[in-house]
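Report on one structure; see the data block that follows.
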Amino acid sequence: MFNWRTKKPSQNVQYKYSGPYLGMDQLRLTYNFCLRSVYQLRSLSFCYVCFLDCHGDQENRQKCFRVIRFNDKEQFKKKSNRVVTARYGILSFFPLFFIEQLIKFSNQYFLFISILQQIPDASPVGRFTTILPLTIKFGFSAIKSIIKDLIDHIKDYKVNHKYVEVLRNGILVQERWSEIGIGDIIKVKNNNIFPADLVLLSSSELYGTCHIETTHLDGEENLKIRQCVKETSHCKELKDLIGLNGIIECELPNKLLYNFLGRLTIMNKNPIPLGNKQFLLRGSVLRNSKWIYGVVIYSGHETKIMLNKSLHSLKESAAMETIQNSLLKTVFLLIFLLSIMCALCSLWWTKNHTNKHWYLEQRDVNAYTFLLQSISFFVIFHNTIPVSHVYIEVVRFLQAWFINNDIDMYHKESNTPARVRSQNLNVELAKVKYIFSDKTGTLTKNIMKLKHCSIAGELYPEGSQNKMINNSINHSTKNYILEFLRIMSICHTVIPEKSKLTDEIVYNASSPDEQALVNGSQQFGFTFHTRCPTSITITTLYGEETYEILNIIEFTNSRKRMSVIVRTPDGQIKLFCKGADTGIIKRLSKSGEKYKNQTLMHLNDFARSGYRTLCFAYKNISESFYNKWKDEYLNASAVLIDRESAKNKVAEKIEKKLTLIGATAIENKLQDNVPKTIQALMCAAIKVWILTGDKEETAINIGLSTTLITQDSSIIIFNESNLTDLRHAINQKMYNLDLKVETINCTLIICGRFLKHALSSDLKMKFLKLCFNCKSVICYRISPTQKAEIVDLVTKYTNEVTLAIGDGANDVPMLHKASIGVGVVGLDGLQAYNASDYSIGQFNYLLKLLFVHGAWNYEKITKMVYFYHYKTVVFNSLQLWFAIYSGWSGQVLFDRWNIFTYKSCTLVIVCFKAGLHIQSWSFIVHLAIGVSILLWISFIIIYDELKNMLMHFTVFININEIIFRSPIFWITILFTTSVVLLLDIIIITIQRTLSNDMTNND
């Protein structure tokens, strides 16, 4: 570690280097850079910063990781777990608040007008007519910010002053959360929240396991299991923790909520890999365990939950904001030019007509007079820019409220209402032109069921349980059948739990596929019922069998398979593997391909029926080979840089020369009304793209079942094996179809493997043009990264509004790249639901979100903006006309009571006109009309009463007495409202009469 007083490194610091040999000059530069960086980053002084030079395929890059020692008294522990979520302090509130307010163009503009009005003899409407409403607006915003910030300060105080047991000098003491430091060992008891990000050392359970609840993090209520490494599971007493001697090396703080990389080294032994199974997130709650011991890895604002506070920033409505800002700036420029023109006309009129009118004040024609008159006219015309954009935020909020409380978009089964997180995009919903949809869990229910099996070339359709059981006893393929059923019941990560009410086993699975397979194996007499950290027990047709779990090679999107290495009850080592056909078939041995052709034929039949398919294979492993491979895999698992790729390379060595056993077909039914929804979207000229990881046959079947592919539409399939053939095929298709501007009735289908060639530099534009002219596109065998790339390309090259919809964590990048991201509640977790701009319970709710709420939002916002501009332009046009006949004097035509009368008339007319055109009247409609009028009247009364408190407003008169006691005011409102609405009433009456006549004739 470093001694900050002497500014020299102590003897305990370690610099770890992996790379080519460096000369003395390079070493000296590296040393000086490391030392200088550490001095600059004293906030990270609680850990050892070690630099690791890594050589990649492209360039050398320098990365660092954190090193924490157990029970090292010299290690400086910074008390950094204090969390502050409040934005302001006592001294920083006013400067920060005003900076935030003045970022907006509208506030800048009205503040500029307020300053101009303070110039003597420059404002014909008074000095405070603009600054008062601006001050009121700022005041309400300030009160809102203060209240919110006070609540945050109270929450911060409560959180920072919670207590937890911390190991100090060999005993457990109660410490505040804010006093916890990196490297502290703490004890958390059942039903308590973890105060920081921890690595699990031990627990009260037998195998060092514990259950955590992450509802506060991701909204998921199901419990997740965590397990410490066996090397620390014995540390259940204080003496064991005190005697623990080792280090933890881990990655630096980052925002990846579901990933953690680290390694533990004890007593200079081989490093032990640490992953997500040993990681406990701050904000999680300990369940079903009396206590756990953990070491603090990240604290305070370095914890993942705090880093993710601003992970997903709200998107803006690019088109709306661009139009609105350009409109405001254009109007501002017109006001400026109009003021200059009126000021020039004033100077001309003064020079030529002042002598003829002896009663006018003599004014000099000079630059000062020109400037003064320019300011006067600018102040007169300044309200041509309306404050409607301020009201737009209120309208957006109300629109979001209506979406959130739409009973038609409430999913009762999952208790999920619609949710709006980016209300700025409400208008964009009506302008969607492309929809990119995931398949599994988005279009389907994600409730899976095992339908058919293919074992050793023999097909076992649904309902053939007895046949399979009989063949497993006396048939030439009985060994394959038994091995197949063992893989179904062993090769998974499912956790069984016995129901408290009944003795039935309830399976908690991270994937619906695994749950369907485990449930399916029960039908054939193979029941999985017990999982321990190092073993798994199943009940077979011949009794109970316990298998020792040696290694689990988890499923990833790049591998497309999962493997489990077990030691069988007779002591033999076997590898059980399941996965996609592309991940299994090419890894078969010569002898293992015996039933390959029959299995592939069955797989194609399954896929054409729309089923999800999985292949099953196994391999016998020798003891010597496994021991050698195990050490390599352990070392790869402990790598801190590119761990996944390192593990995959080692896994490739053992996942080869497999023996194919068979395959399964799993049914995943479509959600309700999916075909009708897609058909309606396509009828609205919205192009739908399906991005899925399934086989080509499955993708085509989904296209047919969802009506994305119709009987009268043609299909374009690109499955060329190389770039040259693909280029020729694209050119040929474009020539044959003779593409024009209009969309052709065809569906383009392409594999993810060929997609990377199609999106290469020379083919990209041709391929995209072909896709844009197709009615729909299906991409199969596609990775999450490719999904995001496609959405990003279409969004950029079309400049259209794109919408991506998905349900899983692998869909989150796609949702972020699209103009609008919609998350669907699924069984794969709530990552997409929480990371989206809008979230819904079912795919068919998309219709009402776009066609009802989107259309209404767009219509209301545009009418509101146009009305306010029309109202202000009409009003100021009269001011310009008056200037012509008043010698360009810069005087106002209307007094305050005239202005309030004009605004009152327009408000009443608009409210009743809106109500007149609403097709269905309800209590909310009556309430909205009445409340709007009453609020305006209340505003007039309050606004006028402020005049009595602020005596500077000499321009004001007693508006309340003039308006509310004047018959002219009320007659004007009644007359103008009646005249304007009479035309609407006549037109509506004629339309309804003609409509009724046509209906009766039919």
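Predicted model only: the values in this text are computed from it and were never measured. Both backbone and side-chain heavy atoms feed into the values below; hydrogens, waters and symmetry mates do not.
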Quick check on side-chain contact (heavy atoms from CB on, under 4.5 Å): which of Ile717, Ile709, Val688 does Ile778 satisfy it with?
Ile709
Provide the closest heavy-atom pair for Thr444 versus Gly441 in the form atom of the first, atom of the second, distance.
OG1-N, 2.8 Å
Taking the ring centre of each residue, are Phe484 and Phe616 less than 6.0 Å apart?
yes
Assess whether a salt bridge exists between Lys863 and Glu859, defined as any Lys/Arg side-chain N lying under 4.0 Å from an Asp/Glu carboxylate O.
yes
4.5 Å side-chain heavy-atom contact, Ile750 and Tyr780
no
Can you sort out the partners of Lys433 under side chain to side chain donor-acceptor pair (under 3.5 Å), two or more places apart, ordered by chain and number?
none
Is there a donor-acceptor pair under 3.5 Å between the side chain of Thr416 and the backbone N or O of Lys412?
no
Are the aromatic ring centres of His452 and Tyr611 under 6.0 angstrom apart?
yes
Going by atom types only, do His602 and Thr599 share a side-chain donor-acceptor pair under 3.5 Å?
no
Partner residues of Lys848 under the salt bridge (charged side-chain N to carboxylate O under 4.0 Å, His left out) criterion, sequence neighbours left out:
Asp406, Asp408
Using a 4.5 Å cut-off on heavy atoms from C-beta on, say whether the side chain of Ile749 contacts that of Ile716.
no
Check whether Asn426 reaches the backbone of Arg396 with its side chain - one donor and one acceptor, N or O, closer than 3.5 Å.
yes
Minimum heavy-atom separation for Gly520 to Leu450, with atom names?
CA-CD2, 3.7 Å
Under the 3.5 angstrom rule, does the side chain of Thr710 hit a backbone N or O of Thr707 as a donor-acceptor pair?
no
One should read off an interatomic distance between Gln842 CD and Asp807 CG, to the nearest 0.5 angstrom, of 11.0 Å
Can you confirm if the NZ or CZ of Arg421 lies within 45° of the ring axis of Tyr833 and under 6.0 Å from the centre of its six-membered ring?
yes
Would you mind telling me which of Met448, Lys578, Met488 makes a side-chain contact (heavy atoms from CB on, under 4.5 Å) with Glu514?
Lys578
Smallest separation among heavy atoms of Leu691 and Ile790, with atom names:
CD2-CD1, 4.4 Å
Verify side-chain contact (heavy atoms from CB on, under 4.5 Å) between Asn857 and Ile403, making sure each step is shown before the conclusion.
CA-CA 10 Å; Asn857 295 343; Ile403 295 176; 4.2 Å; yes
If you apply the rule side-chain contact (heavy atoms from CB on, under 4.5 Å), what do you find for Arg419 with Asn404, and how did you get there?
CA-CA 5 Å; Arg419 281 290 175 263; Asn404 293 338; 3.7 Å; yes
For the residue pair Thr802 and Thr795, confirm or rule out a side-chain donor-acceptor distance under 3.5 Å.
yes
Are side-chain N/O atoms of Asn731 and Lys766 paired as donor and acceptor at under 3.5 Å?
yes
CG of Leu846 to CG of Leu681, rounded to nearest 0.5 Å, is 6.0 Å
Identify the residue among Arg612, Arg587, Arg781 that makes a salt bridge (charged side-chain N to carboxylate O under 4.0 Å, His left out) with Asp581.
Arg781
Does any part of the side chain of Ile553, heavy atoms only, come nearer than 4.5 Å to the side chain of Glu655, both counted from C-beta?
yes
Assign the ring pair Phe436 / Tyr434 to parallel, tilted or perpendicular, where the plane angle (0 to 90°) is split at 30° and 60°.
parallel
Side chains of Cys577 and Ile584, heavy atoms from C-beta outward: is any pair under 4.5 Å?
yes
Backbone of Lys769 reached by a side-chain donor or acceptor of Asn773 within 3.5 Å
yes
For the pair Glu458 (side chain) and Ile455 (backbone), establish whether a donor and an acceptor sit closer than 3.5 Å, ignoring hydrogens and angles.
no
Side chains of Asn519 and Leu517: does their closest heavy-atom pair fall under 4.5 Å?
no
Which pair of heavy atoms, one from Leu849 and one from Val822, lies closest together, and at what distance?
CD2-CG2, 4.4 Å
Full working for side-chain contact (heavy atoms from CB on, under 4.5 Å) between Gln399 and Ile861:
CA-CA 10 Å; Gln399 290 172 346; Ile861 291 289; 3.7 Å; yes
Pairwise side chain to side chain donor-acceptor pair (under 3.5 Å) hits with a residue in residues 675-685, at least two apart:
none
Heavy-atom closest pair (Ile487 atom, Ala617 atom, distance to 0.1 Å) is CD1-O, 3.5 Å
Is the shortest distance from a Lys or Arg side-chain nitrogen in Glu667 or Lys449 to a carboxylate oxygen in the other one below 4.0 Å?
no
d(Ile782 CD1, Lys439 NZ) to nearest 0.5 Å is 14.0 Å
Counting distance only, does the side-chain N/O of Asn604 pair as donor-acceptor with the main-chain N or O of Leu600 below 3.5 Å?
yes
Does the salt bridge (Lys or Arg N to Asp or Glu O under 4.0 Å) test come out yes or no for Glu789 and Lys817, once each step is laid out?
CA-CA 8 Å; Glu789 289 176 357; Lys817 289 294 183 180; over 6 Å; no
Please test Leu459 against Phe606 for side-chain contact (heavy atoms from CB on, under 4.5 Å), starting from the C-alpha separation and ending with a verdict.
CA-CA 11 Å; Leu459 180 63; Phe606 296 159; 3.6 Å; yes
Sub-4.5 Å side-chain heavy-atom contact between Glu593 and Leu660
no
Kindly determine whether Glu800 and Lys431 satisfy salt bridge (Lys or Arg N to Asp or Glu O under 4.0 Å), including the steps that lead there.
CA-CA 8 Å; Glu800 300 284 0; Lys431 299 158 62 178; over 6 Å; no
Between Phe843 and Ile678, is there a side-chain heavy-atom distance shorter than 4.5 Å?
yes
Just verifying a value: how many Å separate Tyr845 OH and Tyr410 OH, rounded to the nearest 0.5 Å?
9.5 Å
State, with a plain yes or no, whether a side-chain heavy atom of Met562 is found less than 4.5 Å away from one of Thr493.
yes
Can you tell me if Ser589 uses its side chain to pair, donor with acceptor, with the backbone of Gly592 under 3.5 Å?
yes
Hey, mind stepping through Ser437 and Thr442 against side chain to side chain donor-acceptor pair (under 3.5 Å) and telling me if it holds?
CA-CA 7 Å; Ser437 175; Thr442 304; 5.2 Å; no
On a heavy-atom basis, the closest approach of Leu815 and Ser836 is CD1-CB, 4.2 Å
Please indicate whether Tyr858 has more than 12 foreign heavy atoms, meaning atoms of other residues, nucleotides or ligands, lying under 6.0 Å from its OH.
no
Hey, is the main chain of Asn424 close enough, under 3.5 Å, to the side chain of Ser422 for a donor-acceptor pair?
no
Between the side chains of Lys560 and Glu554, is the shortest nitrogen-to-carboxylate-oxygen separation below 4.0 Å, so that they form an ion pair?
no
Can you check whether Ile702's main-chain N or O pairs, donor with acceptor, with Ser705's side chain at less than 3.5 Å?
yes
